[in-house]
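The structure appears below as structure tokens.
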Amino acid sequence: MTETLLINGEWRASADGADLPVTNPANGEEIARISQATTADVGAALEAASNAFPAWAGLSARERARIMHEAMDIFRRDLDAATRALTREHGKPLNDSIKECSYSADVIDFYAEEGRRLDGTHFAGDIGPTHSFVLKQPVGVVAAITPWNFPVDLLAWKLGPGLAAGCTFVIKPPSEAPLAATLFVKAFVEAGIPPGVVNIVTGPGRTAGAELVTNPLSRKIAFTGSTATGLWIAEQAARQLKAVTLELGGSAPFVVCDDADLDIAVPEALRRAFSHTGQICISVNRIFVQRGIYDEFAARFTDAAAHLRVTADGLAEPDADMGPMINEAGLETVRQHVADAVERGAQVATGGKSPDGPQFARGFFYLPTVLTGVEREMRVMREETFGPVAPIARFDTLEEGIAMANDTPYGLAAYVYTNDLNRAFYAARHLRAGGVGINVNDVTDIRGPFGGMKQSGVGRELGQPGMDSYMEVKHVRYRYRSPRP
Ligand code: NAD
């Protein structure tokens with residue numbers, strides 16, 4: 001019997017015993033099975049989180065922080081098991097799994113202390129002898145729903161601020177990659193977090209996930225995933241006016257001006273386009289290069305992409321550049337987007353197919369692919385490919401480059417490479433994205449807000465906004481009188 005549900009501190013199988021396989025996308029091997037939570041299981045988990053909420057919210061921030069730090073000491077002690085599980089379920093090279101899990105522990109430690117620094121404000125009233133306090137209080141039970149591409153990290157971004165604020169959780173990890181995330185939560189259990197504060201329901205999004213969203217017991221939905229699912233969640237949450245944080249899809253542009261240092265811009269574009277096999281919400285999806293350096297950039301980028309190392313065994317080759325895609329559907333999207341671009345006149349500068357060799361035969365592999373001669377109507381330029389494909393287009397003026405970069409329904413991350421301060425600030429102001437990297441290919445920093453504009457989402461994670469989104473503000477106003485003599 002598969003016991004992957006954590007409800008009120010107990011590991012259980014689903015009420016009807018149904019389960020699902022978890023497979024290694026590099027070779028199709030079944031590595032585990034997870035329970036498929038029923039509606040009743042999800043209800044029980046929400047009930048447990050609801051019952052645990054008053055006591056957890058009532059603990060001092062110092063005591064919550066103690067448990068959170070203790071959990072991360074345990075997680076770091078057992079890091080090897082989690083990182084190996086992550087590489088097997090996701091396919092990413094081991095070094096990428098180590099980076100993800102280590103960062104996740106840092107996020108929890110950071111927010112444990114942020115919780116201790118929380119304060120409210122107070123002020124003397126404007127009218128009459130009154131005084132006001134503004135308190136911040138936890139929103140209540142949170143449903144945290146996460147995708148497979150960073151199943152530990154994106155959970156930490158929710159659990160860290162939420163637990164520190166005093167919220168309790170029901171987590172639905174992705175069915176494709178639930179194992180490392182479950183080990184992450186196990187560390188909290190081992191650290192003595194009270195039963196019911198953190199619960200896990202595994203199973204399909206359309207059943208377990210949907211029940212978490214629609215059941216009145218969840219008061220906030222913290223979701224990272226596709227825009228299509230996010231839109232559905234937003235509609236459901238609106239019916240009950242639940243709080244939401246939605247971190248959705250992206251189509252990040254990488255704008256290279258003619259004064260940029262190509263020794264930096266080329267490797268940085270390469271890493272952000274192809275690491276995690278292009279399956280990152282802030283992956284570089286579209287590269288725009290100013291005319292004067294287009295040929296040199298395209299040649300160097302293509303050559304470097306052709307030399308990236310794809311591994312069929314991320315445990316044996318921990319420092320490889322990329323592994324497989326997560327599943328057949330993802331691979332099919334990539335194939336369709338490349339075929340569409342070629343049909344409409346694009347050229348495949350490198351890649352454009354799956355790698356040869358028996359080691360790749362049973363996995364979802366696709367070579368790092370560079371497309372030139374691309375046009376705005378092509379699917380690679382309009383949709384989220386979420387795979388190892390980098391189309392390169394050229395622009396003349398920076399205004400034109402930014403207009404091309406903004407020509408997308410998404411607005412999560414954007415990058416610009418230039419050594420001209422005026423161009424850098426102009427781009428930072430005019431790129432329509434929640435995060436802009438100037439000469440840096442990552443917009444993630446624990447202390448800074450992360451999130452999207454347009455169809456890339458609502459709300460922010462990380463930084464202070466990431467903490468505020470787990471709290472309600474309450475204005476307490478009181479009238480006082482002079483004491484009687
Ligand atoms: P997905 O939307 O298919 O699934 C995400 C999670 O939602 C999974 O756990 C899934 O089981 C669950 N789910 C599916 N349908 C649901 C429903 N009706 N109700 C409740 N839960 C449901 O996304 P995915 O394919 O797993 O992830 C890839 C997507 O995530 C990409 O679009 C990527 O850009 C996005 N993403 C965004 C960010 C960000 O921070 N903005 C980060 C990582 C990934």
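In listed order, ligands and their atoms are each counted from 1.
Against a heavy-atom cut-off of under 4.0 Å, Ile145 is close to the following atoms of ligand 1: 6 (C), 7 (O), 9 (O), 12 (C), 20 (C), 21 (N). Shown in contact with Thr224 at under 4.0 Å from a heavy atom are these atoms of ligand 1, numbered in order with element: 5 (C), 36 (N), 37 (C), 38 (C), 39 (C), 40 (O), 42 (C), 43 (C), 44 (C). Listed by number with element, the atoms of ligand 1 under 4.0 angstrom from any heavy atom of Glu384 are 31 (C), 32 (O), 33 (C), 34 (O). Near Asn149, meaning under 4.0 Å from any of its heavy atoms, are these atoms of ligand 1: 43 (C), 44 (C). If you number the atoms of ligand 1 from 1 as listed, the ones under 4.0 Å from a heavy atom of Ala210 come out as 19 (N), 20 (C). When each atom of ligand 1 is checked for a heavy atom of Leu154 under 4.0 Å away, the hits are 42 (C), 43 (C). Near Phe450, with a cut-off below 4.0 Å to any heavy atom, the atoms of ligand 1 are 40 (O). Atom numbering of ligand 1 starts at 1 in the shown order; those under 4.0 Å from a heavy atom of Leu412 are 41 (N).
Classified by interplanar angle (parallel below 30°, tilted 30° to 60°, perpendicular above 60°), the ring pair Phe360/Phe365 is perpendicular. Relative orientation of the Phe75 and Phe184 rings is perpendicular, given thresholds of 30° and 60° on the angle between their planes.
A salt bridge is defined here as a Lys NZ or Arg NE, NH1 or NH2 lying under 4.0 Å from an Asp or Glu carboxylate O, and Glu377 with Arg344 fails to meet this definition. By the 4.0 Å N-to-carboxylate-O rule, Lys158 lies too far from Asp153 to be salt-bridged with it. Salt bridge absent: Glu472 and Lys136 never bring a charged side-chain N and a carboxylate O closer than 4.0 Å. The residues Lys186 and Asp78 are annotated as not salt-bridged, no charged nitrogen and carboxylate oxygen being separated by less than 4.0 angstrom. Between Lys92 and Glu100 a salt bridge is recorded (basic side-chain N to carboxylate O distance below 4.0 Å). A salt bridge links Asp19 and Arg33; the closest N-O separation between the charged side-chain nitrogens and carboxylate oxygens is under 4.0 Å. Salt bridge status for Asp442 with Arg271: absent, with no side-chain N to carboxylate O gap under 4.0 Å. By the 4.0 Å N-to-carboxylate-O rule, Glu29 lies close enough to Arg88 to be salt-bridged with it.
The shortest distance between side-chain heavy atoms of Glu383 and His337 falls below 4.5 Å.
For atom 28 (C) of ligand 1, the closest non-hydrogen atom of the protein is Phe386 CE2, 3.7 Å. The closest protein non-hydrogen atom to atom 15 (N) of ligand 1 is Thr229 CG2, 3.5 Å. Looking only at heavy atoms of the protein, atom 42 (C) of ligand 1 is closest to Cys281 SG, 2.9 Å. Remark: minimum distance from atom 22 (C) of ligand 1 to any protein heavy atom is reached at Gly205 CA, 3.5 Å. Protein heavy atom in closest approach to atom 25 (O) of ligand 1: Trp148 NE1, 3.2 Å. The shortest contact between atom 27 (O) of ligand 1 and any protein heavy atom is with Pro147 CB, 3.3 Å. Of all protein heavy atoms, the one closest to atom 11 (O) of ligand 1 is Lys172 NZ, 3.0 Å. Protein heavy atom at the shortest distance from atom 23 (O) of ligand 1 is Ser226 N, 3.3 Å.
Distance remark: protein heavy atom not present below 4.0 angstrom from atom 4 (O) of ligand 1.
Each of Arg382, Lys454, Arg432 was compared with Asp407 under the salt bridge (Lys or Arg N to Asp or Glu O under 4.0 Å) criterion, and only Arg382 meets it.
If you look at Trp157 and Phe450, their ring centroids are closer than 6.0 Å.
Ligand 1 lies nowhere less than 4.0 angstrom from a heavy atom belonging to Phe150. Residue contacts with ligand 1: Pro174 is included, with a non-hydrogen atom under 4.0 Å away.
With atom 21 (N) of ligand 1 as the reference point, the heavy atom nearest to it among Gly209, Gly225, Ser283 is part of Gly209.
Looking at Thr146 against ligand 1, only its backbone comes within 4.0 Å, counting heavy atoms. At a heavy-atom cutoff of 4.0 Å, ligand 1 is contacted by the backbone of Leu248 but not by its side chain.
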